[in-house]
Number of protein chains: 2
Amino acid sequence: MNKETRTQCTRNASRQRREQQKEELRQAILDAAAELLLAHGYEGFSLRQVAEQIGYTPTTIYLYFEDKADLLFAVVDSAYADFSRRLQAAYDSADDPLQRIRVLGRAYIDFGLANPVVYQLIFVQRTDFLLTWRQGEQQPRASALLILLRAVEEAQQTGVVRPGDVQSLGDALWAMVHGLVSLAIGMPMFDAARSRAASETALDLMIDALRA
Amino acid sequence: MNKETRTQCTRNASRQRREQQKEELRQAILDAAAELLLAHGYEGFSLRQVAEQIGYTPTTIYLYFEDKADLLFAVVDSAYADFSRRLQAAYDSADDPLQRIRVLGRAYIDFGLANPVVYQLIFVQRTDFLLTWRQGEQQPRASALLILLRAVEEAQQTGVVRPGDVQSLGDALWAMVHGLVSLAIGMPMFDAARSRAASETALDLMIDALRA
DNA sequence: AAACCTAATTAACGGTGTTAAGTATATTCG
DNA sequence: CGAATATACTTAACACCGTTAATTAGGTTT
């Protein structure tokens, strides 16, 4: 091993180490941001608090994220992937087309109730996130909801669901579950029991109504 | 007419004039606030802009309203009264219990689509306003929604609506219309045509599902 | 050892809601 | 009529916020 290759190696190693440290700080920012977002909600979330939490100046965050929106987008990224995965799992879990719609709706509602802050952020306060996408992603995040449409369409084709404009039927289904989650999350008078009862009733009504 | 009564009169007159001026400025603040709220939305609404609009310092507003929330509450007060009135009118406009529910839902949706900023403020961003009430009001604003419950309950008693927990059925109905308005208002991909189509479909589904 | 690059900082700008202290005007009283 | 007082409004300030430009400190490369 000659001199040149050795210096080459150490150079690579040091660069790698630096990049890893950078990645670690980026992750630390993400973790702190996620924690503070959950703790204080969207309205009470501030970059300065994130900076203080990790022991850096606020401006440092701008070396790792474009701006506040970019950081928030990254924070809810994993949560959104989880949401998408759960919908897919629900879709796969049922064979009966009508039951599949019900399970999908239930999965949607369950996610919203289990992750109120993230749900509110994505589907209420920053709906622009749904149509935004990063480099490396081909589809906007809203495309995860296409699975609802597909379930309705397939159920319609097998004849178990009433005919009609698929988009409108899908929108109605989306409105139903979104409305349920929004009320349950946002309205102080909706406690867990009332939310659960309303969800059950609403899903029953929806499935009954869709039936051909 | 002796001296004392005359001074008494002028005193009262001047006080009345002062109070009227005060009332006028209060109204000017309200008007400016309403205009700016509609123009910039809840997030972009600021007391300093209101102050500049009426040609006063921001602190002056605090002589007429407790704080920002108090001003906003007052701003949407008339809009909420209008909302309440429209629901009542819809209720009164139909005789058939099932049709009454449909008309109520339509009135709810129409109000939301016609007043997106106000709807968003009351039912999304500041849901605490629904449970807050001023002196002189016996009921919180959310009580206007009890008319939905009543319509469901009466339709149920006449046998045209399926049996079941009234509150849950009412909540499901509320969730449906609230979800529709929320999506139509908040989601960029919902244009007027799509919102209208989804509303029609959803109302059809809802009425069908409620039917005994 | 000097030059360079990079990560982080400091300082600042313009904005927000809100409070305390001060001022000027109009009203009341002796 | 002049002095005291009450009222309406302003000024100044505090503590935040997101964001940008200029600057410093430290490690890497030459």
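Residue numbers begin at 1 in each chain, while the letters A, B, ... track the order of the sequences.
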Selection: residues 120-128 of chain A, any non-hydrogen atom under 4.0 Å of DNA chain C: none

Nucleotide D:dG18, atom P - distance to NZ of A:K68 in whole Å: 4 Å

Can I get a per-line list of side-chain donor-acceptor pairs under 3.5 Å for residues 114-121 of chain A, giving both atom names and the distance, sequence neighbours left out?
from	atom 1	to	atom 2	distance (Å)
A:Y119	OH	A:Y108	OH	2.6
A:Y119	OH	A:H178	ND1	2.6

Using heavy-atom distances to pick each residue's nearest nucleotide on DNA chain C, tell me which of B:E66 and A:T59 is more 5'. A:T59

Do the side-chain N or O atoms of A:Y64 get closer than 4.0 angstrom to the phosphate oxygens (OP1, OP2) of C:dA8? yes

With the side chain of A:T57 defined as its heavy atoms from C-beta on, choose the nearest nucleotide among D:dT10, C:dT9, D:dG18. C:dT9

Given axes from five pairs at either end, by how many degrees does the helix from C:dA1-D:dT30 to C:dG30-D:dC1 bend, rounded to 10°? 30°

For the pair made of CZ in B:F65 and P in C:dT18, what is the distance, rounded to whole Å? 13 Å

Nearest-Å distance for atom pair CD1/P, residues B:I61 and C:dT16: 11 Å

Close side-chain approach of B:D77 and B:E137, heavy atoms under 4.5 Å: yes

Student check: side-chain heavy atoms of A:Y64 and A:D70 closer than 4.5 Å: no

CD of B:E23 versus P of D:dA8: gap in Å, rounded? 13 Å

Which pairs with one or both residues in residues 132-152 of chain A pass ring pair (Phe, Tyr, Trp, His ring centres under 6.0 Å), sequence neighbours excluded? none

Roughly how many Å is it from CD1 in B:I29 to P in D:dA8, rounded to a whole number? 12 Å

Which listed nucleotide (D:dG18, C:dT9, D:dC9) is nearest to the side chain of B:L63? D:dC9

A:T57: what forms a side-chain contact (heavy atoms from CB on, under 4.5 Å) with it, not counting sequence neighbours? A:T59, A:T60

Roughly how many Å is it from CG in B:L71 to C1' in C:dT16, rounded to a whole number? 15 Å

Strand-adjacent residues in residues 36-54 of chain B, judged by heavy atoms under 4.0 Å from DNA chain D: B:R48

Mind checking side-chain contact (heavy atoms from CB on, under 4.5 Å) for B:L36 and listing every partner two or more places apart, or none if nothing turns up? B:H40, B:F45, B:Q49, B:V50, B:Q53

To the closest 0.5 Å, what do you measure between CG (B:L203) and CG (B:L180)? 7.0 Å

Apply side-chain contact (heavy atoms from CB on, under 4.5 Å) to A:D82 and list each qualifying residue two or more places apart in sequence or on a separate chain. A:R85, A:R86, A:F111

I'd like to check the side-chain contact (heavy atoms from CB on, under 4.5 Å) partners of A:E154; sequence neighbours left out, ordered by chain and number. A:Y91, A:R100, A:R150

For B:F65, enumerate each residue passing the ring-ring contact (aromatic ring centres under 6.0 Å, His included) test, keeping only those at least two apart in sequence or located in another chain. none

Whole angstrom value for the distance that separates P of C:dT18 from OH of B:Y62: 3 Å

Could you state the atom-to-atom distance from CD of B:Q20 to P of D:dA8 in whole Å? 14 Å

Mind checking if B:Y56 touches a base, just sugar-phosphate, or nothing, with heavy atoms under 4.0 Å? sugar-phosphate

For A:Y56, which residues count as a ring-ring contact (aromatic ring centres under 6.0 Å, His included) partner, sequence neighbours excluded? none

Per atom distances to the A:T60 side chain, the nearest of C:dT10, C:dA8, C:dG17 is C:dA8

Qualifying side-chain hydrogen bond (donor to acceptor under 3.5 Å, both in side chains) pairs with a residue from residues 183-195 of chain A, counting only residues at least two apart or across chains: A:R194-B:D171

